[in-house]
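Here is the structure we will look at.
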Number of protein chains: 2
Amino acid sequence: METQDADSASGFERVFVYLRERLLDGTLKQGERLMAERELALQLGVSRPIVREALRALHMLGIIEIRERVGTIVKRPDASMLKDFFTLALAQQADLIDDVMEARIAIECQAVRLACERATIADFERLQRALVRIGETIDDADAGGSADFDFHRAIVLASRSPTLAVLHESMSTLLARSHRSRRELVQQFSSMKSYLIDDHKRVFDTIVSRDADRAEVTLRRHFAIGDEYRRRAVTGEGDRVEARSAQGT
Amino acid sequence: METQDADSASGFERVFVYLRERLLDGTLKQGERLMAERELALQLGVSRPIVREALRALHMLGIIEIRERVGTIVKRPDASMLKDFFTLALAQQADLIDDVMEARIAIECQAVRLACERATIADFERLQRALVRIGETIDDADAGGSADFDFHRAIVLASRSPTLAVLHESMSTLLARSHRSRRELVQQFSSMKSYLIDDHKRVFDTIVSRDADRAEVTLRRHFAIGDEYRRRAVTGEGDRVEARSAQGT
DNA sequence: TCTTCGTTCTGGTAAGACCAGTACGATGAC
DNA sequence: GTCATCGTACTGGTCTTACCAGAACGAAGA
């Protein structure tokens, strides 16, 4: 007697839309518990499995949290599902990685600008720590890649932007892998060690100086140089070219 | 006799992980159909509703497509669920909108750079069309906001980056609303008309000139000016200030 | 007042069934 | 032999009923 008007749409759609509307119009607020599955099913005139499908869908969206034997509550939105998405999407479309890297550059370049405005002492310290670790792990591809990644993440965190952070984090799986493989080039190009250390230091300095424009330029150049190394590795130019470029820089 | 071996994880988790692995290791490729729900349930030793939950979850991730009475197929990854996410996330955290706007700026600034490298004639034409529409709809908040949005979307499309496009698109709901509300300021600030027309034109010109650095600077300034108008509107400065600023610019 | 216990509620899952279209092979007409 | 038609098997969509185990919470007892 309550839901037969909501025809046309499938059961799942009905439940999903119903819940979405409740979330959008503020009827369901963060931290609140929503109806029990059974009650929801009864009220919407669908079966419980259908309700569960809709809840699972919202759960994947990072909007609700399903606590076993407790209930379903609205949680702080969390885009961690993007991680799964990027990972799976990449598996289907391997060529996507360069594309994602471009998006990552977008995120970080904006982040470094905001970081110049908003970074706190704690952010500086985190950046500093990452910087030190980059120096310490310069000869270790694994730890080095991890340190490199931490530095870049520290930049994003320093931007104090949850959205940028979550987007960056979503790409982390890919980024981490990329950082690591780039680190393996260190064996090939001896000048890379100083590049890795000095260039990150430069980026750090510009953030400390709070000059957004220069920070972005520096970071872009940092990416460009890294790309250049990778390009050279692909085209087969090795140590020989290395010597020249080392003094050229 | 079927499930006790698959320990620890819940039924849903088992199915989800199973499918994810298949997708990651290439066993399931794009366009392929996966097992029927019943068969999947039988093989994994879970009930069909559980299988359906997992399929629904993957569907939300934009990885698979469920065709009624036909089957479930692996499709080209599609991040359109981000739209739902941002919309719902914003409803829960209204303060997130400025944050999302910053992410949007990140996307567009990178996009405009790439557009300078990659834009085709078709992209220029699309930008041009949007530009014309901005001029035509300058007095209409609705159509004007839409035209404005189209222009910015055209920039992202010109970047030829699927990832940037999908991220931008995900924020479209919020952006569209924001563009519209900004357009209402036109009534308040007469100088906004020329700003809207000239500034977009300037951005367009820099893209045509394929000067990435200048394009980004121009676009950033474009955003900054828009922000400035909004700031003034919030602080209550209206037409009075307007006259001065008009000649000041 | 604090502890303990048990009822109740909750999510997790299973199993079986029916519906309505789709896909496709078999059958029949031409 | 070719083509149109027709069944039938299969598929997803959904409902129903039922049981489990742990959490929550109030009542009863120490």
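Naming: A, B, ... by sequence-line order, numbering from 1 per chain.
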>> Using the ring centroid of each side chain, check whether F223(B) and H152(B) are separated by less than 6.0 Å.
In response: yes

> Which is true for R52(A) with a 4.0 Å heavy-atom rule: it touches a base, it touches only sugar-phosphate, or it touches nothing?
Replying inline: base

Measuring from the side chain of [X] (C-beta onward, heavy atoms only), which nucleotide among [options] has the closest atom?
X      : options                   : result
I50(A) : dT13(C), dC19(D), dC15(D) : dC15(D)
S10(B) : dG13(D), dC20(D), dT13(C) : dT13(C)
R48(B) : dA21(D), dG12(C), dC18(C) : dC18(C)
I66(B) : dG11(C), dG12(D), dT13(C) : dG12(D)
S47(A) : dG12(D), dC15(D), dT10(C) : dC15(D)

>> Can you see whether H168(A) engages E108(A) through a side-chain donor-acceptor pair at a distance of less than 3.5 angstrom?
In response: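 Checked: H168(A)/E108(A) side chains pair up, N/O donor to acceptor below 3.5 Å.
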
> Between the side chains of T120(B) and R160(B), does any donor sit under 3.5 Å from an acceptor?
Replying inline: yes

> Within this structure, what is the CE-to-C1' distance between M35(A) and dC9(C), rounded to whole angstrom?
Replying inline: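 The answer, rounded to whole Å, is 16 Å.
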
> For R38(B) and dG16(C), what is the distance between atoms CZ and C1' respectively, to the nearest whole Å?
Replying inline: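 Interatomic distance, CZ of R38(B) to C1' of dG16(C): 11 Å.
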
> Are any of T72(B)'s side-chain N or O atoms less than 4.0 Å away from OP1 or OP2 of dT11(D)?
Replying inline: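 Negative; the distance criterion is not met.
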
>> I'd like to know if R67(A) reaches the base of dG11(C) with its side chain, counting only an N/O donor and acceptor under 3.5 Å.
In response: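 Checked by distance alone, the answer is no.
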
>> Can you tell me how far apart SG (C109(A)) and CD1 (I105(B)) are? Round to the nearest 0.5 Å.
In response: 14.0 Å

